[in-house]
Amino acid sequence: MRRARLSTRCFDTKSVLLPSPVPAITDIINATKFELHHCQPSCRHHQSLSSGYSHHETQAELLHAYVIKNGSLQNLAISNYLLNLYVKKCQNLYHAHQLFNEILTRDIRTWTILISGFAQYEDFKMVLYLFRKMQSEGICPNHFTLSSVFKCCSTLCELRNGKAIHGWILTNEIGLDVILVNSVLDLYVKCGALDYAKRLFKSVEEIDTVSWNIMISAYLHIGDVERALDLFHGLNSKDVTSWNTIIDGLMKNGFERTSLELLYKMLESGHMFNAVTFSIALNLVSCLSLLELGKQIHGQVLRLVLHNNGFIRNSLLGMYCKCGKMEEASMTLRTIPVRISCDDSLADVVSWSSMISGYVRNGEYEIAFQTFRFMVNEHVVVDKFTLTSIVSACASKGILELGMQVHAHIQKIGHKVDAHLYSSLIDMYAKCGSLNDAIKIFKQINDLNVVLWTSMISGFGLHGQGHEAIELFECMMNEGIIPNEITFIGVLIACNHAGLLEEGCKYFELMQKVYGIKPDFEHYTCMVDLYGRSGRLNEAKEFIQENGISHVSAVLKSFLSSCRLHKNVEMGNWASERLLKLEQSDAGSYILLSNMYSTDHRWEEAANVRSSMQQRKANKLPGLSWIQLKNQVHNFN
DNA sequence: TGGTTATTGG
């Protein structure tokens, strides 16, 4: 999001010495330009250049001071020119707003320049405030103000407001131009009112490429890839955005290969890549783990000197992180240029948080923690994405102390906590053994979504509190929240840890019949575990055979541990035969089998398994323990 | 002197 620079510098009218009032606007403007270029080194222009003050700002302030002095501020041609100078060239909405208030009789252009300015910098509260004020003063909005307001409603998802304004346009029979049609289309699409968008799209006689692009993007957002492709292929005048939209949308809907084909087709058809295409192409490369292609694109980016573009740099960084190349990712982070505008600082925040999440994703927790500490010490902006990654790293490593410190840091700086951060906090407290803290957080959340319910249900499950987990799950369904596949994994694990076989079977059926969720290997493994641990080894075996999952090593391992638990060597042999065929060099499988024999005092067979394990060089990595001392994690055997 | 679509991190 772009932000305007809000300078609070005041005017110094006394230092401005200009000729006596000139009546024509061009003369006034030229006079200030002349002053700007020819004044002596001691004047403020030169001082301002050395202090980083822009040429436009100096010109605007000179002009501002001058028109105040000679009383021509109320000349609308002059004040609108000056207002535009503040908004466009100086990007200083604070001064623009100040000037706006000094203008006593504003015309529609005065309002438009300021409203468009705030819309451009996404201060939508101001846009709506000014729009309402304008209407209350009896000024009729024009196309420019209306499209700014639609952009605002679209970003804030204010469908009702937007619809009302669209209705007002229709009743007042105001003709919609192409850009306004597109603004309304975008509003309906972003607010999920696709029917309204379709109706509008059909009602337009001559549809331009931007409208097509908006509709292609709309179908992609709801996952209707077929319609999106139809629209795309039917579009004769494809521009680079049409290609970018379809390539990105296909990738996000899981059609990565088709997306890549279209990327090549785009090249073949002679369309030039722009910065957005490069960013999307790099994301596609990460999805498909095509590191070599990614490196080639990186080379092209360097040749075209696009590597300073924030989006591209972050896509590059993300690609290296996702391909496990943390060294290359870190090199990309080190190439962050000196910040030129506020836009770049946002890109920097993304770079840092991507880096942290990359370390966490690749299991390099200690470097993630070190980087986080560096960010805090060096006052690098830490946002909710970074915090979520760090909290989940604490959960994975079980480091309660650091997790609590991060939680305290969040509260101290008054950071807004969203659902992602809340769920990672619940998960962290639960995984670090502090279930009560997890419950405390869960209870203080007003808008609970399915992820938050799932985190808490899984938390109870993890602590063996199966009944509480089930109670919460029932409560969630009563609230009308639809469980997802992960919720059911949490529920099944909870049943498992509490030995609730009957309930587990009930929910496994509910998942498929009521919620239409197809079981995944993880659900199957939970069920095999549930039957097995309850001693129902025959039923577990039948379940494996019925569902055709005897080729899944996690399922067989789970079954084998149940066989060991209930000392059923015969069943264990059945599972281990299959397991060892699947994973000849997996030490875990041999150890499970050997342990089963040892439990049944069959020492000779246990020793045979161990020796065949050595023959096949399936060595088990020794387990590591760790301890946290003064913010440092120490590992030992 | 003003307005539209597509891209990055959990």
Side-chain angles (χ1 to χ4, degrees), chain A residues 25 76-89 107-117 119-120 141-152 154 176-187 189-190 208-218 220-221 239-249 251-252 274-284 286 309-319 321-322 346-358 360-361 383-393 418-424 451:
Chain A
I25 179 174
L76 273 175
I78 296 172
S79 50
N80 284 348
Y81 174 87
L82 181 56
L83 190 64
N84 191 57
L85 201 59
Y86 275 135
V87 172
K88 281 273 161 182
K89 298 278 167 59
D107 68 355
I108 178 65
R109 283 184 195 169
T110 323
W111 287 95
T112 310
I113 295 168
L114 194 67
I115 289 177
S116 309
Q120 198 185 345
N142 60 9
H143 286 65
F144 302 114
T145 46
L146 286 169
S147 58
S148 295
V149 171
F150 281 125
K151 183 182 175 188
C152 161
S154 142
L176 295 168
D177 70 357
V178 181
I179 295 179
L180 200 47
V181 164
N182 291 335
S183 303
V184 184
L185 258 184
D186 181 58
L187 162 84
V189 166
K190 295 267 164 64
D208 83 328
T209 306
V210 176
S211 316
W212 281 81
N213 292 345
I214 296 173
M215 288 311 288
I216 293 170
S217 145
L220 290 165
H221 270 115
D239 64 5
V240 62
T241 305
S242 321
W243 287 95
N244 289 345
T245 308
I246 195 80
I247 292 168
D248 182 65
M251 170 179 63
K252 288 193 175 138
N274 66 6
V276 178
T277 325
F278 275 106
S279 177
I280 295 169
L282 286 164
N283 301 337
L284 186 57
S286 325
N309 175 301
F311 274 103
I312 294 183
R313 194 186 61 230
N314 289 327
S315 297
L316 270 170
L317 209 148
M319 176 197 73
C321 285
K322 280 168 199 153
L346 171 68
D348 291 0
V349 176
V350 177
S351 299
W352 281 99
S353 77
S354 306
M355 207 60 216
I356 297 260
S357 78
V360 175
R361 181 201 300 265
D383 68 353
K384 57 184 179 175
F385 290 92
T386 313
L387 291 168
T388 307
S389 294
I390 278 297
V391 172
S392 79
D418 70 352
H420 285 280
L421 191 45
Y422 268 133
S423 70
S424 69
V451 178

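Just so it is clear: chains get the letters A, B, ... in the order the sequence lines come, proteins before strands, and each one is counted from 1.
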Return no unless some side-chain N or O of [X] is found under 4.0 Å from OP1 or OP2 of [N].
| X | N | answer |
| --- | --- | --- |
| Lys252(A) | dA6(B) | no |
| Lys89(A) | dG2(B) | no |
| Lys151(A) | dT5(B) | no |
| Lys88(A) | dG3(B) | yes |
| Arg361(A) | dG10(B) | yes |

Residues in side chain to side chain contact (heavy atoms under 4.5 Å, CB included) contact with Ser217(A), at least two apart in sequence or another chain: His221(A), Thr245(A)
Excluding sequence neighbours, so at least two apart, what forms side chain to side chain contact (heavy atoms under 4.5 Å, CB included) with Ser286(A)? Met319(A), Lys322(A)
So which heavy atom on Ala393(A) is nearest to which on Val360(A), and how close? CB-CG2, 3.7 Å
Assess whether one donor atom and one acceptor atom, taken from the side chain of [X] and the base of [N], lie less than 3.5 Å apart.
| X | N | value |
| --- | --- | --- |
| Asn80(A) | dG2(B) | no |
| Asp177(A) | dG3(B) | yes |
| Ser279(A) | dT7(B) | yes |
| Asn84(A) | dT1(B) | no |
| Ser116(A) | dG2(B) | no |

When we call it a touch if two heavy atoms are under 4.0 Å apart, what does [X] touch: a base, just sugar-phosphate, or nothing?
| X | value |
| --- | --- |
| Ile113(A) | base |
| Leu82(A) | nothing |
| Ser354(A) | sugar-phosphate |
| Ser147(A) | base |

Whole-Å distance separating the CD1 atom of Ile312(A) from the C1' atom of dA6(B): 13 Å
Asn142(A) side chain to Thr145(A) main-chain N or O, any donor-acceptor pair under 3.5 Å? yes
Stacking of Phe311(A) on dT8(B) base (centres under 5.5 Å, planes under 30°): no
Just wondering, do Phe385(A) and dG10(B) stack (centres under 5.5 Å, planes under 30°)? no
Are Thr277(A) and Ile280(A) close enough that some pair of their side-chain heavy atoms sits under 4.5 Å apart? no
